[in-house]
Amino acid sequence: MIRFAAPGALWLLAVLPLIVLLYMLRSRREAMPVSSVLLWQRTRHELATQLPIRRLERSLLLLLQLLAISAAVLALAQPSVRLAAATGEATVIVVDLSASMQATDVSPSRFVAARRRAIDLVRSAQGPFMIIGAGARPSIEASWGDRGKTVSVLNRLRPTDGPAALDQAIGLALAQRPDGRNTRPQVVVLTDGVGSLRQQRSGIQFITFGNRFQNVGIVRLYAEPAPGGTHVVVHVRNAGGQDVQVPLVISVDGRRTISQRLTLPPSATTVATGLVKGEGTIKAELTVRDVLAVDNTAYGFAGRARSRVLIVGAPDRALDEALAAIEARRLAAPRITSEALEQADVIILNATPPVPLPSGNYLLMGTTAPNLPLAVEGTVRDPVISRWSRGHRVLRYVDLDAVQIAETLRLRPTGGEVLAEGEVPLIWAFHGNGIRAIVLGFTLGQTDLALHPAFPILLSNALDWLGGSNTAIEAGQGLTVPARSLQARLIDPAGAVRMLTARNGAFVVPSLDRAGIYTINAGAQQRHVAVNVPAVETEIAPAVPAVSSLAISTQTGSDPMISIWPILIGAALTVLLIEWFLWLRTLPRASRRATTQTRRVAKVIGA
């Protein structure tokens with residue numbers, strides 16, 4: 001079955017008879033009086049062929065011209081051909097597991113509708129089939145196998161509260177080869193967010209779900225200590241096209257502390273702020289019923305957990321006073337031991353000899369470690385701080401403009417991130433292999449940094465980044481925690497417990513896919529993690545992919561439609577090239593005939 005996206009273009013086929021008519025018309029010549037036509041009798045046959053309307057003769061050039069124009073007109077009509085699935089063809093079904101698939105504009109939800117469609121595809125498939133879940137990290141949910149088991153897997157499948165990496169999921173699907181076949185499988189993508197693809201791919205069937213885009217959600221919650229409590233900033237997004245009013249409630253450990261009513265213009269973000277007192281879990285909630293409920297809640301933490309800090313190396317009064325000012329608890333230990341690592345959140349190494357660092361969180365001042373991607377090539381005197389990363393968590397609200405440094409190590413990093421630099425890197429951060437580290441190339445005795453208000457802010461930010469017990473991330477992101485023991489317990493928002501085993505000195509959680517509060521218990525260490533829905537998932541408008549060459553256009557059911565207009569364009573150009581080549585070959589022959597006729601006329605006149 002053929003469908004035309006622009007059937008009105010077919011009216012252009014009416015130009016074909018006009019082309020034939022023009023071909024039949026002879027070229028008109030100007031009449032000239034002559035004394036006698038006796039000498040022109042021999043050319044009467046040639047003149048007869050130049051009558052105004054001549055008989056239509058067989059012409060390959062004319063046929064090629066008509067074929068080229070027909071192909072071009074059909075291409076303008078954008079035809080698509082419905083193809084039934086080939087018997088025995090391998091099929092990979094990619095199911096979008098993003099948070100926006102929980103939207104209920106399709107009853108009972110987009111995801112349930114997509115899952116039902118996937119089950120129908122599995123039951124009707126004639127060849128082998130596979131299921132891939134497109135979450136933040138795509139995975140094979142059901143490999144080539146039993147139909148009944150695959151349906152059971154689909155019935156257990158649930159959407160996440162994070163994004164969908166559709167591009168990676170499609171790449172994974174295209175790489176599958178059942179039973180050692182060399183042919184690429186048919187890929188069917190069930191999604192509402194095809195627009196999130198970084199690159200459109202050809203030969204993919206997209207089946208989209210969703211018909212509304214009106215939605216309101218919390219796209220960010222930020223909390224930081226402030227005088228008298230914790231300053232909370234909530235960003236609320238109206239993704240629809242109408243003005244809406246929504247109530248916002250902020251609570252700490254279940255105690256309502258802030259209640260506001262927000263007015264949001266269409267496609268706009270409104271910021272709500274407030275000050276909450278006490279310590280605990282912050283919950284911001286929009287008490288509104290819309291098609292996507294998961295993004296109506298966000299979490300954070302109020303108050304500052306007192307970091308337990310172990311200082312190793314030269315004593316420093318300015319450092320002690322700054323730690324006391326930010327209410328950090330200092331631990332006493334002459335060196336790094338397993339017991340000290342178990343008790344301390346952060347270890348500060350002050351001008352100590354370089355030694356390999358075990359897994360943990362470190363602030364190094366005037367020293368480095370051989371197992372960090374950072375080399376030292378001497379020292380530099382009187383460096384000037386010319387740039388620092390104001391957006392990084394460690395340097396947030398830190399002003400280094402007037403800070404003087406007498407001497408610093410000449411650092412040469414081969415990894416990590418330079419946070420402040422002048423002639424050489426001055427502050428550097430690293431996260432990997434179970435180690436979090438911030439390196440200052442100088443000690444407090446080599447700078448006046450401790451005399452500036454920037455120092456306690458910098459120290460507080462550094463302790464939070466290194467070993468803060470509370471962390472906020474987006475759903476779908478992974479988490480790496482330095483391991484102080486062999487095992488840890490991960491408790492998810494629903495209360496389910498999962499055991500973590502230390503590898504390479506760290507506990508690694510590939511992806512936290514549910515919004516809410518997680519708790520990690522590892523011996524005496526406890527860390528809370530707030531997981532929120534990514535801002536991109538609030539934009540629930542169904543997206544339709546741009547159809548690329550030979551791409552399968554978006555359908556909501558039945559068999560795929562193959563767009564064949566690119567093939568017709570190619571055919572039209574090919575025919576025109578053939579016609580042009582044949583026309584060039586006729587030129588020498590026509591020239592020879594004209595020369596022969598001229599000689600004949602000349603002989604008659606001469607006679």
Side-chain angles (χ1 to χ4, degrees), residues 96-106 109-111 135-136 159-166 191-197 208-224 230-251 256-274 276 281-301 391 472-477 493 512-517 530-544:
D96 188 339
L97 301 181
S98 63
S100 62
M101 290 291 285
Q102 300 179 43
T104 57
D105 53 339
V106 177
S109 71
R110 296 179 180 181
F111 176 78
T160 69
D161 295 338
L166 284 177
T191 179
D192 67 348
V194 181
S196 63
L197 288 174
T208 58
F209 299 85
N211 52 43
R212 293 181 60 185
F213 62 92
Q214 184 70 40
N215 182 49
V216 179
I218 299 176
V219 295
R220 186 187 180 197
L221 185 150
Y222 177 70
E224 65 174 0
T230 301
H231 187 221
V232 181
V233 181
V234 181
H235 294 245
V236 182
R237 174 74 176 173
N238 177 13
Q242 301 176 355
D243 290 341
V244 294
Q245 289 188 347
V246 294
L248 171 66
V249 175
I250 300 176
S251 59
R256 177 178 295 194
T257 58
I258 297 175
S259 181
Q260 299 180 11
R261 190 168 188 84
L262 307 178
T263 300
L264 295 96
S267 302
T269 301
T270 298
V271 179
T273 63
V276 299
T281 300
I282 299 174
K283 180 180 180 181
E285 185 176 11
L286 300 175
T287 56
V288 62
R289 296 176 62 91
D290 55 16
V291 296
L292 185 63
V294 69
D295 64 347
N296 292 339
T297 306
Y299 301 89
F301 299 103
I473 62 175
E474 290 185 345
Q477 292 183 349
L512 297 177
D513 293 328
R514 298 294 169 198
I517 302 297
V531 178
N532 294 316
V533 178
V536 67
E537 295 302 310
T538 295
E539 305 287 343
I540 65 170
V544 179

Side-chain heavy-atom pair V531, D161 within 4.5 angstrom cut-off: no
By side-chain hydrogen bond (donor to acceptor under 3.5 Å, both in side chains), Q477 pairs with (sequence neighbours left out) none
Can you tell me how far CG of L292 sits from CD1 of I540, rounded to the nearest 0.5 angstrom? 6.0 Å
Interatomic distance, L97 atom CG to T191 atom OG1 [nearest 0.5 angstrom]: 10.0 Å
Sequence-distant partners of S267, side-chain hydrogen bond (donor to acceptor under 3.5 Å, both in side chains), two or more places apart: none
Check: D105 side chain, G210 main-chain N or O, donor-acceptor pair, under 3.5 Å: no
Here the pair of heavy atoms bringing A515 nearest to Y299 is C-CE1, 4.5 Å
For residues I282 and V232, report the shortest heavy-atom separation together with the two atoms involved. CD1-CG2, 3.7 Å
Are any non-hydrogen side-chain atoms of Q214 and D290 less than 4.5 angstrom apart? no
Going by the rule salt bridge (charged side-chain N to carboxylate O under 4.0 Å, His left out), which residues pair with D513 if we only count those two or more places apart in sequence or in a different chain? none
Quick check for you: to the nearest 0.5 Å, what is the distance between T281 atom OG1 and F301 atom CZ? 5.5 Å
Distance, nearest 0.5 Å, that separates CG of D192 from CZ of F213: 14.5 Å
When you measure from the side chain of Q102 to the backbone of T160, do you find a donor-acceptor pair of N or O atoms at a distance under 3.5 Å? yes
Which heavy atom of A284 sits nearest to which heavy atom of I218, and what is that distance? O-CD1, 3.4 Å
Only one of L262, N296, V288, T287 forms a side chain to side chain contact (heavy atoms under 4.5 Å, CB included) with L248, so which one is it? L262
First locate atom CZ of R110, then atom OG1 of T104, and finally report the distance between them rounded to the nearest 0.5 Å. 9.0 Å
Inspect the surroundings of CZ in R289 and state if more than 12 heavy atoms from other residues, nucleotides or ligands are less than 6.0 Å away. no
Once side-chain contact (heavy atoms from CB on, under 4.5 Å) is applied, do any residues pair with A239, and if so which ones, sequence neighbours excluded? T538, E539
Side-chain heavy-atom pair V249, R256 within 4.5 angstrom cut-off: yes
Side-chain heavy-atom pair S100, D295 within 4.5 angstrom cut-off: no
Euclidean distance, E537 CD relative to N532 CG, rounded to 0.5 Å: 13.0 Å
Using every non-hydrogen atom in the two residues, find where H231 and V233 come nearest and quote the distance to one decimal. CE1-CG2, 3.7 Å
Can you name the closest pair of heavy atoms from P163 and A475 and give their distance? CD-O, 3.3 Å
Minimum heavy-atom distance between T230 and A223, given as atom pair plus value: CG2-CB, 3.8 Å
If the condition is side-chain hydrogen bond (donor to acceptor under 3.5 Å, both in side chains), which residues does E224 pass it with, not counting sequence neighbours? Y222, Y397
Side chains of D96 and L166, heavy atoms from C-beta outward: is any pair under 4.5 Å? yes
For V236, run the side chain to side chain contact (heavy atoms under 4.5 Å, CB included) check against V219, L286, V271, V244 and tell me which one passes. L286
Side chain to side chain, D243 and P266, heavy atoms closer than 4.5 Å: yes
Go through the structure and list residues passing side-chain hydrogen bond (donor to acceptor under 3.5 Å, both in side chains) with R514, not counting sequence neighbours. none
